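Right, one structure below, let's go through it.
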Amino acid sequence: MAGGPGVAVYLVGGHESSYGRELTRFTGSAATIAEAATAPGRGLQDLAEDALASEQTVVAVPMTFGRDPQMVAETAKTLKWLSARAPGRVAVSAPFGTTDHLTTWLRAAANRAATGGGRTALLAVAPHSNPFDEAELHRLAYLVATYGALPEVHATIADDSAELAAAAARARALGAERVVAVPAGFAATLPDADVELAGPLVGEAAVARVVRIRVVAALAALVAGDDGIDVALAADHGHGYAHSHAGDEHPHTHADGTTHVHSHGSAHPHAHADHRPATPVGDGVHGYHQ
């Protein structure tokens, strides 16, 4: 297993993995990377409690490509009270990936699709989730189309064959001669439709490698006194509807027990660099070159 003797690794999934069901192929035997896959909540809690009762250390790996920060926060909420009961034996790793990684993997899929010739459209397919995470996929598809090998890359929200077939028909109506579909999550397959499948998005060896890296880093941080839970709890901060802090004052309590009132101004100006996704390097997960 990824964590070695005495360590129980759990893959935690949200809508990008059908709430853990698409992760089960990585679990369960000595040749895989984790003991089990689950969604946040009671399932994860029960698994963690059993592992702790067996004197194991628990590492939860939030399996997201960056489009499900709420799942990361829910993972931390599930384990926070167990961490207090078993200090130094419960950790939440950094998420599997980020939206930058997802953009890179989708660009790689576009590059593969382009080698087939003809006017090709790529459908990045994900199940229904919520408006914010679905909108993020549309943003990433636009970046892939702008900076990738195919000018036609479409975010496709589809739960079944009919929805995927309708998306393929729209692409053909726009002039596509070939329609290639790739899961924009951890699914190995897609619903049956008249499309070419270019998936899974990430190979099993690459998934295993990244999970092992996340687990090793989480265990090292745990030894140093950082269980990753507080960072994970804040993963979905600012995610969702925008809100104004004008005139808003609220208290913050720090780890040392001190409290102060934090007042936000009426505006939060930010200057953003031009982050242009680049071709994947190394294992396709770590780093970009400009």
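Only a predicted model underlies this, so the values are computations on that prediction, with no experimental measurement involved.
Screening residues 174-232 for ring pair (Phe, Tyr, Trp, His ring centres under 6.0 Å) gives Phe65-Phe186, Phe96-Phe186 as the qualifying pairs, with residues at least two apart or on separate chains. Pairs passing the side-chain hydrogen bond (donor to acceptor under 3.5 Å, both in side chains) check and including a residue from residues 43-60, sequence neighbours excluded, read Arg42-Asp46. Within the structure, every pair that satisfies the salt bridge (charged side-chain N to carboxylate O under 4.0 Å, His left out) test and touches residues 176-187, not counting sequence neighbours, is listed here: Arg178-Glu196.
Atom OG of residue Ser129 and atom CD of residue Gln70 lie 10.0 Å apart, to the nearest 0.5 angstrom. In this structure, CG in Leu123 is found 11.0 Å from CG in Leu197, a value given to the nearest 0.5 Å. Note: Glu16 CD to Asp68 CG = 5.5 Å, rounded to the nearest 0.5 Å. Here the straight-line distance linking atom CZ of Arg21 with atom OG1 of Thr38 works out to 10.5 Å at 0.5 Å rounding. Taken from CZ in Arg107 to CG in Leu150, the straight-line distance is 11.0 Å, to the nearest 0.5 Å. Going from atom CG of Leu174 over to atom CZ of Arg172 covers 12.0 Å, rounded to the nearest 0.5 Å.
Between the side chain of Arg89 and the backbone N or O of Leu52, at least one donor-acceptor pair lies under 3.5 Å. For Ser18 (side chain) and Gly20 (main-chain N/O), no donor-acceptor pair under 3.5 Å exists by modelled atom type. At distances below 3.5 Å, at least one donor-acceptor pair connects side-chain atoms of Thr104 with backbone N or O atoms of Asp100.
Ala198 and Val180 make their closest contact through CB-CG1, 3.4 Å (heavy atoms, listed as atom of the first residue, atom of the second, distance). Here the closest non-hydrogen pair linking Leu23 and Ala37 is CB-CB, 3.6 Å. Residues Leu79 and Ala60 share a closest heavy-atom pair of CD1-CB, 3.6 Å. Scanning all heavy atoms of the two residues, the minimum distance from Val92 to Pro62 falls at CG1-CG, 3.8 Å. Contact detail for Ala145 and Pro151: the closest heavy-atom pair is CB-O, 3.6 Å. Closest heavy-atom contact between Glu152 and Thr120: CB-O, 3.9 Å.
Taken together through direct or relayed side-chain contacts under 4.5 Å among Ile, Leu, Val, Met, Phe, Trp and Tyr, Val210 and Val72 form parts of separate hydrophobic clusters. Val182 and Trp105 end up in the same hydrophobic cluster when Ile, Leu, Val, Met, Phe, Trp and Tyr side chains are linked at under 4.5 Å. Taken together through direct or relayed side-chain contacts under 4.5 Å among Ile, Leu, Val, Met, Phe, Trp and Tyr, Ile157 and Val125 form parts of separate hydrophobic clusters. Grouping the Ile, Leu, Val, Met, Phe, Trp and Tyr side chains by contacts below 4.5 angstrom, directly or via other members, places Tyr142 apart from Val153. Hydrophobic cluster membership differs between Val61 and Leu44, with clusters built from Ile, Leu, Val, Met, Phe, Trp and Tyr side chains linked at under 4.5 angstrom.
Residues that satisfy the salt bridge (Lys or Arg N to Asp or Glu O under 4.0 Å) test with Glu74, not counting sequence neighbours, are Lys77. In this structure, the salt bridge (Lys or Arg N to Asp or Glu O under 4.0 Å) partners of Glu204, at least two apart in sequence or on a different chain, are Arg25. Legend: residues meeting salt bridge (Lys or Arg N to Asp or Glu O under 4.0 Å) with Arg139, ordered by chain and number and at least two apart, are Glu136. Under the salt bridge (Lys or Arg N to Asp or Glu O under 4.0 Å) criterion, Arg112 pairs with no residue, sequence neighbours left out. Legend: residues meeting side-chain contact (heavy atoms from CB on, under 4.5 Å) with Ala187, ordered by chain and number and at least two apart, are Glu22, Pro183. With sequence neighbours excluded, the residues that form a side-chain contact (heavy atoms from CB on, under 4.5 Å) with Ala124 are Leu106, Leu137, Ala184.
Contact check for Val59 versus Arg214: no side-chain heavy atoms found under the 4.5 Å cut-off. Residues His101 and Val202 have side chains not in contact (no heavy-atom distance under 4.5 Å, counting atoms from C-beta outward). Taking 4.5 Å as the limit, some side-chain heavy atom of Val207 sits within range of a side-chain heavy atom of Met63.
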In residues 220-235, what donor-acceptor pairs under 3.5 Å come from side-chain atoms, sequence neighbours left out?
residue, atom, partner, partner atom, Å
Asp226, OD1, Gly228, N, 2.9
Asp227, OD1, Ile229, N, 3.0
Asp227, OD2, Ser83, OG, 2.9

Check: residues 2-15 side-chain donor-acceptor pairs under 3.5 Å, at least two apart:
residue, atom, partner, partner atom, Å
Tyr10, OH, Leu47, O, 3.3
His15, NE2, Asp133, OD2, 2.9

Can you give me every donor-acceptor pair (side chain of residues 158-170, partner residue at least two apart or in another chain, under 3.5 Å) with its distance?
residue, atom, partner, partner atom, Å
Asp159, OD1, His128, N, 3.1
Asp160, OD1, Ala162, N, 3.3
Asp160, OD1, Glu163, N, 2.9
Ser161, OG, Asp192, N, 3.3
Ser161, OG, Asp192, O, 2.8
Glu163, OE1, Asp159, N, 2.5
Glu163, OE2, His128, NE2, 3.1

